Protein chains: 2
Amino acid sequence: MTLASEKLTNNQQTVLDLLEKSKEPLKAYAILFDIQKKGIKAPLQVYRALDKLIEIGKVHKIESKNSYIACEHKNCDSSTSTSFLICETCDQVTELKKKNLSEYFAKQSVQANFKYTKHNLEIYGVCKDCKNKK
Amino acid sequence: MTLASEKLTNNQQTVLDLLEKSKEPLKAYAILFDIQKKGIKAPLQVYRALDKLIEIGKVHKIESKNSYIACEHKNCDSSTSTSFLICETCDQVTELKKKNLSEYFAKQSVQANFKYTKHNLEIYGVCKDCKNKK
DNA sequence: ATATGATATGTTATATTATAACACTTTTTA
DNA sequence: TAAAAAGTGTTATAATATAACATATCATAT
C-alpha cells in the first residue's frame, strides 16, 4: 500500500463516481442497485469499495443514517473524523471543515482526562434552502 | 401520553435495569439474550422498549456502535441530542453534559445559514483509566 | 522477466440489526 | 364504563453487513 494512493480500481471508481454525482448520502444497497449494470453484483463488492474509499478519505459514512457520502474537500486528510450538517427536510448533507472542531473537542476531552483521537459529529436541522422555502 | 412519563411498563423497566447495571453500551440482541429469562422472547419487545426509553430520554443510542446506554444524568432533557466520549481500549462510554456543546453547535450552524435542532457527537480516544494502565 | 507478497475480485452463504403486520390486552381518561 | 391510546406477543421478513474461500491482478525487488 502506498500512502494516500491515487489510483483506484474499477469497482472503487465506479462507487466513487456514483457518490460524487449524488446530492444526498446513499445507502450501500442503493449503490448496489444503481451500479449493477456496471457488473457489480454482490453487496460485498460495494462494501469493499466503500471500506477502501473511507480508508483513503474519499468517502465518509454517516453513522446515524447508515449512508455514505463523497468527501467534498480536495485533499481531505480526514479519513477518520467527520462533521456534518444534515437537513431534516431535504436530507442534504454539508461537511464541515474540521480543524477548529477537532481542537475544540480535544480541549473538551482534556477536561474529562480523556485523550482525543477522532470524532463523528452529526448536526440535524434545517438547511438554508429549506428555511427559505417555508 | 403524558410528558416525561415516569411509570414504565415491565418490559421497559427490565431493559432499563439491565442497561443501568452495564458498564458498557449494549447491543439490542445482547439485551435480548440477557433478559430472556424474564419472559422477553422476541427482538421486537426489546426494540419497542428501547424506542420508548429513548423517547423519554432514559436511554441513548450510540449510532456508530449500534448500541444503547442508560442516561447518566438525573433529569435528562436530552431525548435527542447526545455527546459521548468513547474509549477505544475498554469501550467505556461517558456522556458529556450538553448545554455548552449545543450552544457551540448552534453557533457553528449559523455560519452555514443552517438552523440547528439537535446533534450526535461521538468522540473516540483513550479514557483516564486506560491511559494510566499503559 | 519473473517470483513474491500484497491487494483486489467474484461468489455463495450467513450473521447482525431492525421493522411490518396483526390479533389481542392493559391503561388512561372523558 | 365506554372509547381511545398505549403496550404486548408472535411470526415473518426487511435492511445492513461480514465470513470464507478460490482466483486474479498488480507492484516491485531480485
Side-chain angles (χ1 to χ4, degrees), chain A residues 1-19 22 24-69 79 91 120 122, chain B residues 1-19 22 24-69 79 91 120 122:
Chain A
M1 244 307 285
T2 60
L3 325 148
S5 66
E6 264 117 41
K7 191 92 179 187
L8 299 178
T9 66
N10 281 347
N11 287 0
Q12 291 160 8
Q13 190 66 56
T14 301
V15 170
L16 181 58
D17 286 347
L18 179 63
L19 283 171
S22 174
E24 297 147 26
L26 298 178
K27 295 184 167 242
Y29 278 72
I31 294 171
L32 176 59
F33 180 81
D34 261 50
I35 61 181
Q36 283 193 327
K37 56 196 97 155
K38 310 221 166 155
I40 290 180
K41 290 171 184 162
L44 246 200
Q45 296 173 288
V46 172
Y47 281 108
R48 287 200 280 225
L50 287 171
D51 284 348
K52 185 66 183 182
L53 291 166
I54 288 169
E55 183 191 331
I56 64 176
K58 298 277 192 192
V59 165
H60 304 310
K61 179 173 184 183
I62 299 175
E63 295 286 354
S64 61
K65 296 178 93 71
N66 296 320
S67 297
Y68 304 86
I69 189 172
S79 67
D91 283 334
N120 301 324
E122 300 172 4
Chain B
M1 242 304 286
T2 60
L3 326 148
S5 66
E6 264 116 40
K7 191 92 178 186
L8 299 179
T9 66
N10 282 346
N11 288 359
Q12 291 159 9
Q13 191 65 56
T14 301
V15 169
L16 182 58
D17 286 347
L18 179 62
L19 283 172
S22 174
E24 297 146 27
L26 297 177
K27 295 188 169 237
Y29 279 73
I31 294 170
L32 175 59
F33 180 81
D34 261 50
I35 61 180
Q36 282 193 324
K37 55 196 94 153
K38 310 222 165 155
I40 290 181
K41 290 171 182 160
L44 245 197
Q45 295 173 287
V46 173
Y47 280 108
R48 287 199 281 224
L50 287 172
D51 285 348
K52 185 66 183 183
L53 291 166
I54 288 169
E55 182 190 331
I56 64 178
K58 298 277 192 191
V59 165
H60 304 308
K61 180 174 185 183
I62 300 177
E63 294 287 353
S64 60
K65 297 176 93 69
N66 296 320
S67 297
Y68 303 86
I69 189 171
S79 67
D91 283 335
N120 300 324
E122 300 173 3

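Naming convention: chains lettered A, B, ... in sequence-line order (proteins, then strands); numbering from 1 in each chain. What's counted below: heavy atoms across the whole structure, side chains too, no hydrogens, waters or symmetry copies. All values derive from a computational prediction rather than experimental measurement.
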Between the protein and nucleotides 18-21 of chain C, list the N/O to N/O atom pairs that are separated by less than 3.5 angstrom.
unit_1, atom_1, unit_2, atom_2, d
dA18(C), OP1, Lys61(B), NZ, 2.6
dA18(C), OP2, Tyr47(B), OH, 3.1
dA18(C), OP2, Tyr68(B), OH, 3.2
dA18(C), N7, Tyr29(B), OH, 2.8
dA18(C), N6, Tyr29(B), OH, 3.2

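- Remark: P of dA17(D) and CD1 of Ile31(A) are 10 Å apart, rounded to the nearest angstrom.
- Residue Thr9(B) places at least one side-chain N or O under 4.0 Å from the OP1 or OP2 atom of dT8(D).
- Taking only side-chain nitrogens and oxygens, Gln45(B) never comes nearer than 4.0 Å to OP1 or OP2 of dT8(D).
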Would you be so kind as to tabulate the donor-acceptor pairs closer than 3.5 Å made by side chains of residues 30-39 of chain A, with sequence neighbours excluded?
none

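- Of all heavy-atom pairs between Ser64(B) and Glu63(A), the closest is CA-OE1, 3.6 Å.
- The CZ atom of Phe33(A) sits 14 Å away from the P atom of dT16(D) (whole-angstrom rounding).
- One finds a side-chain N or O of Lys27(A) lying less than 4.0 angstrom from the OP1 or OP2 phosphate oxygen of dT16(D).
- Side-chain proximity of Lys52(B) to dT11(C), dG7(D), dT10(D): nearest is dG7(D).
- End-to-end axis angle of the helix from dA1(C)-dT30(D) to dA30(C)-dT1(D), from C1' rotation axes over five pairs per end: 40° (rounded to 10 degrees).
- Side-chain contact between Asp91(A) and Lys65(A): present, with at least one pair of heavy atoms (C-beta onward) separated by less than 4.5 Å.
- Ile40(A) places its CD1 atom 12 Å from the C1' atom of dA8(C), with the value rounded to the nearest Å.
- Between Leu50(A) atom CG and dT18(D) atom C1' there is a gap of 14 Å when expressed in whole angstrom units.
- Spacing between atom NZ of Lys7(B) and atom P of dT26(C) amounts to 16 Å, rounded to whole angstrom units.
- Put simply, the side chain of Glu122(A) never gets that close to the backbone of Ile62(A): no donor and acceptor are under 3.5 Å apart.
- Closest to the Asn11(A) side chain, of the nucleotides dT8(D), dT9(C), dT10(D), is dT9(C).
- Asn120(B) places none of its side-chain heavy atoms less than 4.5 Å from the side chain of Asn120(A).
- Here dA17(D) presents its P atom at 15 Å from NZ of Lys65(B), a figure rounded to the nearest Å.
- Of all the heavy atoms in Leu19(B) and Tyr68(B), the pair that sits closest is CD2-O, 3.3 Å.
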